[in-house]
Peer 1: 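Before I ask anything, here is the structure I am working with.
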Amino acid sequence: YNHQAPEEYVPSVLPLLKDTDDGVRAMAVQFISNHRRYIKELIPLCKDESGAVRAVAVRAINWACAGEFAGEALRCLDDPVAGVRSEAVQALHQLHEIKHADKIVEHLKDEDPKTRINVAAMVIGLKITKHMDLAAKLLEDPEAQVRERVAHLLGSFSNAKYAPEVEKLLKDKNVEVRRTAVSALSRMKAKEALPSVLSVLQDEDAFVRLEAIRFIGEYGSKDSAPAVLKLLKDETSMVRQTAVSALLKMKAKEALPSVLSVLHDEDGRVCLEALCFIEEFGSKDDVPAVSKLLNDGDLKIREKAAAVV
């Protein structure tokens with residue numbers, strides 16, 4: 001099986017669609033699905049006895065954007081195998097089968113998490129307004145992966161209407177959900193969520209803290225600076241660097257003494273960010289501290305220090 005094999009080999013592979021081995025049939029389907037004019041040969045396998053084969057056959061409809069077989073993908077929504085239903089939803093999404101949305105959204109309650117996610121992706125991605133509220137309801141799904149994906153999708157398409165629901169996920173027990181919630185709120189430009197985001201600056205996960213600082217740097221004000229200042233002593237260097245960057249964006253001049261304290265941070269990136277801050281808000285009084293970096297082992301730091309001086 002070579003994903004990029006020339007079409008001239010397809011006739012030799014076609015007989016393998018009737019092979020007695022499930023794996024061989026599935027591999028043959030994947031091979032042939034790269035060549036659209038043979039897609040019709042794969043449709044009978046959407047009813048194959050093997051769920052794995054049925055799944056790759058439906059996926060072929062998706063890959064080939066074979067709208068003429070949308071009906072077959074629609075039929076597969078009722079397949080007993082979760083993987084087939086999931087592939088069917090993806091195919092219908094790819095084909096923009098909005099006219100069948102009423103039937104497809106029934107699977108927002110599918111027992112399979114991936115199928116629920118794929119239905120939500122279709123509703124949100126194609127902006128099917130009629131069913132958007134149902135898709136957003138999955139922010140309360142019992143499965144963390146579903147909550148995380150739906151928050152990501154709503155953020156990616158800037159559905160700010162659902163920012164209050166996403167905001168609730170900042171207290172989710174799952175760290176991936178919390179990370180995505182902060183990121184989604186940022187993409188939604190949900191400035192009103194600032195108080196809640198400030199509360200997660202002390203989250204146990206460094207990436208949650210990182211996303212929170214970025215949000216505050218973008219939508220916070222000088223009033224938010226004291227909370228960010230505490231992160232200059234964070235154990236994670238990327239958090240410290242981002243904290244300095246956020247203070248710069250917020251034009252928090254009063255943070256200068258604290259920023260000077262990280263000028264000799266063990267991580268060069270923090271030092272460079274601090275130098276940018278000092279360049280913007282420092283004075284001649286800060287030259288002695290900056291001058292010490294003129295002999296730093298990092299060329300970028302020496303160059304930046306010289307520019308600041």
Side-chain angles (χ1 to χ4, degrees), residues 51-52 54-56 58-59 62 73-74 76-98 100-190 193 196-197 199-200 203-212 215:
R54 296 198 300 276
V56 292
V58 178
R59 188 184 305 156
N62 179 2
L74 195 66
C76 288
L77 283 176
D78 299 318
D79 196 279
V81 174
V84 179
R85 298 195 300 275
S86 178
E87 292 289 350
V89 174
Q90 285 191 304
L92 292 165
H93 182 178
Q94 175 72 15
L95 298 174
H96 288 217
E97 288 293 316
I98 297 177
H100 297 299
D102 289 350
K103 177 175 175 57
I104 296 169
V105 295
E106 291 176 4
H107 289 274
L108 285 171
K109 297 181 179 180
D110 197 281
E111 63 181 20
D112 174 51
K114 188 173 181 181
T115 299
R116 298 199 297 275
I117 291 170
N118 287 346
V119 176
M122 178 176 179
V123 172
I124 297 169
L126 298 182
K127 298 180 180 180
I128 307 177
T129 308
K130 177 181 178 182
H131 299 298
M132 198 71 76
D133 288 350
L134 285 174
K137 196 71 177 173
L138 290 183
L139 289 170
E140 302 172 5
D141 195 273
E143 292 287 338
Q145 63 173 311
V146 178
R147 299 194 300 275
E148 190 275 332
R149 282 292 85 195
V150 174
H152 172 78
L153 288 163
L154 289 170
S156 296
F157 291 93
S158 301
N159 285 277
K161 172 185 175 182
Y162 302 101
E165 284 72 28
V166 173
E167 188 176 342
K168 294 175 184 177
L169 297 180
L170 295 176
K171 297 180 180 180
D172 198 275
K173 61 184 179 181
N174 182 276
V175 64
E176 295 289 346
V177 174
R178 297 198 302 275
R179 290 178 190 172
T180 300
V182 183
S183 177
L185 288 169
S186 183
R187 289 197 296 273
M188 290 176 174
K189 300 181 179 179
S196 296
V197 175
S199 71
V200 299
D203 194 278
E204 62 183 19
D205 182 77
F207 288 100
V208 175
R209 299 195 299 275
L210 195 64
E211 290 293 346
F215 180 99

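In this chain, residues are counted from 1 in sequence order.
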Peer 1: Mind listing the closest non-hydrogen atom pair of L185 and A193 along with its distance?
Peer 2: CD1-CB, 4.1 Å

Peer 1: Let me confirm one number: the CG-CE distance from N159 to M132, rounded to the nearest 0.5 Å.
Peer 2: 5.0 Å

Peer 1: I need the single residue from I104, V123, L92, L126 that forms a side-chain contact (heavy atoms from CB on, under 4.5 Å) with I98. Which is it?
Peer 2: L126

Peer 1: Evaluate the criterion side-chain hydrogen bond (donor to acceptor under 3.5 Å, both in side chains) for residue pair H131 and D102; output intermediate values, then yes/no.
Peer 2: CA-CA 8 Å; H131 299 298; D102 289 350; 2.8 Å; yes

Peer 1: For a quick test of reading the model, state the closest non-hydrogen atom pair linking S158 to R187 and the distance between them.
Peer 2: OG-O, 3.4 Å

Peer 1: Can you tell me how far CG of L154 sits from CE of M188, rounded to the nearest 0.5 angstrom?
Peer 2: 5.0 Å

Peer 1: Excluding sequence neighbours, so at least two apart, what forms side chain to side chain contact (heavy atoms under 4.5 Å, CB included) with L138?
Peer 2: L108, R116, A120, D141, V146, V150

Peer 1: Does D78 offer a backbone N or O that forms a donor-acceptor pair with the side chain of R85 under 3.5 Å?
Peer 2: no

Peer 1: Could you give the distance from CD1 (I128) to NE2 (H96), rounded to the nearest 0.5 Å?
Peer 2: 9.5 Å

Peer 1: Give a yes or no on this: more than 12 heavy atoms of other residues, nucleotides or ligands lie within 6.0 Å of atom NZ of K103.
Peer 2: yes

Peer 1: Tell me whether D79 is salt-bridged to R54, with the criterion being a basic N under 4.0 Å from an acidic carboxylate O.
Peer 2: yes

Peer 1: Under 4.0 Å between a Lys/Arg side-chain N and an Asp/Glu carboxylate O for E106 and K109?
Peer 2: no

Peer 1: Shortest non-hydrogen contact from L169 to A151?
Peer 2: CD1-CB, 4.0 Å

Peer 1: Can you tell me how far apart CZ (R209) and CD (E204) are? Round to the nearest 0.5 Å.
Peer 2: 9.0 Å

Peer 1: Can you tell me how far apart CZ (R147) and NZ (K173) are? Round to the nearest 0.5 Å.
Peer 2: 6.5 Å

Peer 1: Test K161 against D133 for side-chain contact (heavy atoms from CB on, under 4.5 Å), laying out the working first.
Peer 2: CA-CA 10 Å; K161 172 185 175 182; D133 288 350; 3.2 Å; yes

Peer 1: Could you tell me whether a side-chain N or O of N118 sits under 3.5 Å from a main-chain N or O of Q90, the two making a donor and an acceptor?
Peer 2: no

Peer 1: Check A55 against V84 and note the closest heavy-atom contact, atom names and distance.
Peer 2: N-CG2, 3.8 Å

Peer 1: Can L170 and S199 be said to form a side-chain contact (heavy atoms from CB on, under 4.5 Å), step by step?
Peer 2: CA-CA 9 Å; L170 295 176; S199 71; 5.6 Å; no

Peer 1: I'd like to know if R179 and D203 make a salt bridge, using a cut-off of under 4.0 Å between side-chain N and carboxylate O.
Peer 2: no

Peer 1: Which heavy atom of A212 sits nearest to which heavy atom of V200, and what is that distance?
Peer 2: CB-CG2, 3.7 Å

Peer 1: Which distance, rounded to the nearest 0.5 Å, do you find between the CZ of R59 and the SG of C76?
Peer 2: 13.0 Å

Peer 1: At their closest point, which heavy atom of F157 faces which heavy atom of I124, and how far apart are they?
Peer 2: CD1-CG2, 3.7 Å

